[in-house]
Amino acid sequence: MVKLEETPDGTVFIVEDDGPGIAPELRPRVFDLAQSSKRPASGLPRGYGLTLVRRVVDRLCGSVIIDDSPMGGARFTVTLPAPTRVEPHS
């Protein structure tokens with residue numbers, strides 16, 4: 001499931017599934033480069049997607065939280081602050 005919510009403070013994205021989830025002790029490492037629970041496919045490296053998510057969210061001064069989904073798998077909640085509006089000088 002993917003959910004997008006606009007708030008006065010910013011935007012919240014929630015992505016969750018009904019898979020095996022992510023154990024709490026592994027959550028801090030899932031954003032590390034080349035970390036993956038999947039085996040390499042045809043020798044190609046894995047473990048870049050969540051690293052890129054973390055980098056983009058950090059650059060936008062947001063946050064990513066991993067917890068358990070009510071569906072049984074993992075839930076990722078990305079919160080991005082509202083853009084700051086700059087008023088032109090007159």
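Positions are given from 1, in the same order as the sequence printed here. Owing to the predicted nature of the structure, the values given are computational and were not obtained by experimental measurement.
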Do the side chains of [X] and [Y] join up, straight or via other hydrophobic residues, at under 4.5 Å, putting them in one cluster?
X     : Y     : result
Phe31 : Val56 : yes
Val78 : Met71 : no
Val12 : Val57 : no
Leu60 : Phe13 : yes
Leu4  : Val15 : no

Backbone of Ile22 reached by a side-chain donor or acceptor of Arg27 within 3.5 Å: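 Between the backbone of Ile22 and the side chain of Arg27 there is a qualifying donor-acceptor contact (under 3.5 Å).
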With side chain to side chain donor-acceptor pair (under 3.5 Å) as the rule and sequence neighbours excluded, what pairs involving residues 54-66 come up?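 Counting only pairs at least two positions apart or across chains, no side chain to side chain donor-acceptor pair (under 3.5 Å) contact touches residues 54-66.
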Hey, what do you get for [atom1] ([X]) to [atom2] ([Y]), rounding to the nearest 0.5 Å?
X     : Y     : atom1 : atom2 : answer
Thr79 : Asp9  : OG1   : CG    : 10.0 Å
Asp67 : Ile14 : CG    : CD1   : 9.0 Å
Thr7  : Leu80 : OG1   : CG    : 10.0 Å
Asp68 : Arg75 : CG    : CZ    : 8.0 Å
Thr77 : Glu16 : OG1   : CD    : 8.0 Å

What heavy-atom pair brings [X] and [Y] nearest, and what distance separates the two atoms?
X     : Y     : value
Ala82 : Pro8  : CB-O, 4.0 Å
Ser69 : Ala74 : CB-O, 3.6 Å
Arg29 : Glu25 : NH1-O, 4.1 Å

Any heavy-atom pair between the side chains of Val64 and Phe76 that's under 4.5 Å?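 The answer is yes, as the side chains (C-beta and beyond) meet within the 4.5 Å cut-off.
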